[in-house]
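Notes follow the structure.
Side chains included, hydrogens not; waters and symmetry mates left out as well; all remaining heavy atoms used. Not measured: the values here are computed from a predicted model. We count ligands from 1, going down the list as the structure has it; atoms in each ligand are counted the same way.
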Amino acid sequence: MKLLVTGGAGFIGSNFIQYTLAQRPGWHIVNLDALTYAGNLANFDNLPLSHRQRHHFIKGDIKDKTLLTQIFSDYNFEAIINFAAESHVDRSILGPEAFVETNVLGTFRILETAKCFWEKNQKPNTFRFLHVSTDEVYGSLGKEGYFKETSPYDPSSPYSASKGASDHFVSAYFRTYGLPTIITNCSNNYGPYQFPEKLIPLMIINSIEQKPLPVYGDGKNVRDWLYVHDHCEALLTVIERGIPGETYNIGGNSEKENIEIISQLCDLLDERLNRKKENSSFQLIRFVPDRPGHDRRYAIDASKIKKELGWQPQHSFEKALTKTVDWYLQHLDWVNKVKSGEYRQWVKLNYQNRDQRWG
Ligand code: NAD
Ligand code: DAU
């Protein structure tokens with residue numbers, strides 16, 4: 001298998017590459033990534049030598065038509081998996097344009113290049129274009145119900161709107177041109193190498209550094225959490241056995257309120273860092289003004305992928321969260337590498353915006 005992975009230096013992409021190189025010894029992966037603030041080659045520092053030989057990194061932008069055409073003709077890909085995106089909701093609120101450019105225009109450019117390449121090669125029906133998307137395209141749930149593949153799109157943030165738009169282009173390329181595309185819509189991932197702007201790693205790092213733990217609104221928004229390796233296995237399953245034109249929802253059956261997760265993290269860190277009541281991480285919790293357009297609840301009905309492809313999550317939330325905390329405690333060098341000047345500027349901008357007293 002010659003696989004193109006876009007956005008492979010980010011959180012899920014780099015986990016997927018490491019996972020796949022280990023699980024599929026015959027596969028070669030070309031990783032095309034623009035190395036934005038979220039992409040880090042340090043994610044591959046521990047890749048074994050035999051895996052390194054099957055991982056080819058190219059620094060480049062998915063909007064770059066000339067580069068895309070060149071690498072498609074150089075490598076003759078059998079499949080593509082598109083992770084490349086601007087992925088953080090808060091950033092999309094403060095600066096939406098980059099989300100339209102990468103998530104919408106970028107996805108369009110890869111689709112267009114893939115279509116030309118596929119047509120030139122007599123339309124092999126084994127070719128796959130897997131687009132990695134999000135449950136956020138479905139909007140917000142009340143107390144009841146689940147997102148199904150048939151749920152209407154109803155995005156709330158510029159991020160989810162841009163992902164929704166990209167999904168529609170992917171479906172259109174299947175319906176109009178027959179390009180064998182598949183879409184997956186997944187819930188919140190957590191695990192190693194997640195950039196510390198997202199809830200779980202931000203809380204871990206801030207707690208270690210004795211900085212405030214900012215809880216948006218009342219902390220009762222609900223997300224469905226999936227350990228990243230379970231997501232990687234689901235994506236491998238879909239790329240190998242998924243049906244073109246279909247969408248698969250992927251979830252962890254693990255709904256939690258944010259405040260519940262933050263409390264679990266405080267308990268774990270107090271235990272690992274031997275913190276007593278007087279200097280407990282709980283004392284760092286601060287309720288701050290809410291995210292505008294904040295979706296209240298996400299929950300996934302993942303029965304289709306279970307029934308049709310036999311995938312279901314293997315990791316329990318409690319065990320995998322502990323594993324994640326331990327990973328960050330053991331990889332503070334990685335954290336320091338990715339926390340560039342840009343990161344510090346972002347934290348200041350996002351959280352000062354919420355509370356002028358934030359220091
Ligand atoms: P991430 O922000 O950690 O990584 C994104 C990667 O894309 C980075 O390596 C970045 O350098 C690269 N990139 C950005 N713009 C690019 C461009 N123009 N050209 C080439 N590369 C570019 O994101 P993630 O959390 O790993 O998410 C990966 C994908 O999965 C995204 O499409 C996201 O929408 C989707 N997703 C994420 C989650 C989650 O919980 N993190 C859940 C469901 C779906
Ligand atoms: O549902 C899938 C999506 O999950 C992915 O498509 C996105 O790429 C990914 O970023 C994630 O989006 P969320 O907005 O759900 O994740 P985030 O980690 O930003 O926030 C999770 C919850 O925690 C959300 O309700 C907001 C809240 N939160 C977040 C941060 C960063 C806080 O209370 N405080 C914070 O500082």
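Ligand 2 has an N or O atom lying under 3.5 Å from an N or O atom of H294, backbone or side chain. By the 3.5 Å distance cut-off applied to N or O atoms, D90 is not counted among the residues near ligand 2. Residue contacts with ligand 2: Y216 is placed with a nitrogen or oxygen under 3.5 Å of a nitrogen or oxygen of the ligand (distance criterion only). Between T134 and ligand 2, an N or O atom pair is found at a separation short of 3.5 Å. The shortest N/O to N/O separation between V215 and ligand 2 does not fall below 3.5 Å. Residue contacts with ligand 2: Y298 is placed with no nitrogen or oxygen under 3.5 Å of a nitrogen or oxygen of the ligand (distance criterion only). Not one N or O of E197 is nearer than 3.5 Å to an N or O of ligand 2, by distance alone. Geometrically, ligand 2 and L199 share a nitrogen or oxygen pair separated by less than 3.5 Å.
In this structure, F117 and F127 have tilted ring planes: the angle between them lies in the 30° to 60° band. Relative ring orientation between Y159 and F99 is described as perpendicular, the plane-to-plane angle rising above 60° on a 0-90° scale split at 30° and 60°. Between W334 and Y193, the two ring planes are perpendicular [angle over 60°; tilted spans 30° to 60°]. Using bins of under 30°, 30° to 60° and over 60° for the plane-to-plane angle, the ring pair Y351/Y216 lands in the tilted bin.
Nearest residue to atom 3 (C) of ligand 2 from E136, M203, K163 is E136 (criterion: closest heavy atom). Around atom 5 (C) of ligand 2, the closest heavy atom drawn from Y190, F11, Y159 belongs to Y159.
Distances below 4.0 Å separate heavy atoms of L202 from the following atoms of ligand 2: 36 (O). Taking a cut-off of under 4.0 Å to the non-hydrogen atoms of K198, the atoms of ligand 2 that pass are 10 (O), 18 (O). Atoms of ligand 2 found under 4.0 Å from any heavy atom of H88, numbered from 1 in the order shown, are 19 (O). Remark: ligand 2 atoms within the under-4.0 Å shell around heavy atoms of V89 are 14 (O).
Between the side chains of Y177 and E119, no donor-acceptor pair is found at a separation under 3.5 Å. Y153 and D167 form a side-chain donor-acceptor contact under 3.5 Å, judged by distance and modelled atom types alone. No hydrogens or angles considered: nothing links the side chains of K304 and T247 as a donor-acceptor pair under 3.5 Å.
A side chain to side chain contact (heavy atoms under 4.5 Å, CB included) with S92 holds for exactly one of S162, S160, P158; it is P158. The ring-ring contact (aromatic ring centres under 6.0 Å, His included) test with F195 singles out one residue from Y190, Y37, Y328, W346, and that residue is Y37.
At the shortest separation from atom 16 (O) of ligand 2 among protein heavy atoms lies N188 ND2, 3.5 Å. In this structure, the protein non-hydrogen atom closest to atom 36 (O) of ligand 2 is Y351 OH, 2.6 Å. From the protein, the heavy atom lying nearest to atom 9 (C) of ligand 2 is S87 O, 4.0 Å. Looking only at protein heavy atoms, the nearest one to atom 19 (O) of ligand 2 is R291 NH2, 2.9 Å. The protein heavy atom nearest to atom 34 (N) of ligand 2 is P214 O, 2.8 Å. In this structure, atom 27 (C) of ligand 2 lies nearest to the protein heavy atom N258 ND2, 3.4 Å. The single protein non-hydrogen atom nearest to atom 1 (O) of ligand 2 is D135 OD1, 2.5 Å, given as residue, atom name and distance.
A salt bridge is defined here as a Lys NZ or Arg NE, NH1 or NH2 lying under 4.0 Å from an Asp or Glu carboxylate O, and R296 with D218 meets this definition. Between E112 and K65 no salt bridge is recorded (no basic side-chain N to carboxylate O distance below 4.0 Å). One finds a salt bridge joining K256 and E318 here, because a Lys/Arg side-chain nitrogen approaches an Asp/Glu carboxylate oxygen to under 4.0 Å.
No donor-acceptor distance shorter than 3.5 angstrom exists from the side chain of N31 to the backbone of H56, with no hydrogens or angles considered. In this structure a side-chain-to-backbone donor-acceptor pair under 3.5 Å is missing from Y298 to F147. Within the 3.5 Å criterion, the main-chain N or O of K143 finds a donor-acceptor partner in the side chain of R297.
H131 has its ring centre no less than 6.0 Å from the ring centre of F169.
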Note every protein N or O atom lying under 3.5 Å from an N or O atom of ligand 1, pairing the names and giving the distance.
{"unit_1": "ligand 1", "atom_1": "2 (O)", "unit_2": "S87", "atom_2": "OG", "d": "2.7"}
{"unit_1": "ligand 1", "atom_1": "3 (O)", "unit_2": "F11", "atom_2": "N", "d": "3.0"}
{"unit_1": "ligand 1", "atom_1": "9 (O)", "unit_2": "G10", "atom_2": "N", "d": "2.9"}
{"unit_1": "ligand 1", "atom_1": "9 (O)", "unit_2": "D33", "atom_2": "OD1", "d": "3.3"}
{"unit_1": "ligand 1", "atom_1": "9 (O)", "unit_2": "D33", "atom_2": "OD2", "d": "2.6"}
{"unit_1": "ligand 1", "atom_1": "11 (O)", "unit_2": "D33", "atom_2": "OD1", "d": "2.6"}
{"unit_1": "ligand 1", "atom_1": "11 (O)", "unit_2": "T36", "atom_2": "N", "d": "3.0"}
{"unit_1": "ligand 1", "atom_1": "11 (O)", "unit_2": "T36", "atom_2": "OG1", "d": "3.1"}
{"unit_1": "ligand 1", "atom_1": "18 (N)", "unit_2": "D61", "atom_2": "OD1", "d": "2.9"}
{"unit_1": "ligand 1", "atom_1": "18 (N)", "unit_2": "T102", "atom_2": "OG1", "d": "3.2"}
{"unit_1": "ligand 1", "atom_1": "19 (N)", "unit_2": "I62", "atom_2": "N", "d": "3.0"}
{"unit_1": "ligand 1", "atom_1": "21 (N)", "unit_2": "A34", "atom_2": "N", "d": "3.1"}
{"unit_1": "ligand 1", "atom_1": "23 (O)", "unit_2": "S87", "atom_2": "OG", "d": "3.2"}
{"unit_1": "ligand 1", "atom_1": "26 (O)", "unit_2": "F11", "atom_2": "N", "d": "3.3"}
{"unit_1": "ligand 1", "atom_1": "26 (O)", "unit_2": "I12", "atom_2": "N", "d": "2.8"}
{"unit_1": "ligand 1", "atom_1": "32 (O)", "unit_2": "F83", "atom_2": "O", "d": "3.0"}
{"unit_1": "ligand 1", "atom_1": "32 (O)", "unit_2": "K163", "atom_2": "NZ", "d": "2.6"}
{"unit_1": "ligand 1", "atom_1": "34 (O)", "unit_2": "Y159", "atom_2": "OH", "d": "2.6"}
{"unit_1": "ligand 1", "atom_1": "34 (O)", "unit_2": "K163", "atom_2": "NZ", "d": "3.1"}
{"unit_1": "ligand 1", "atom_1": "40 (O)", "unit_2": "N189", "atom_2": "N", "d": "2.9"}

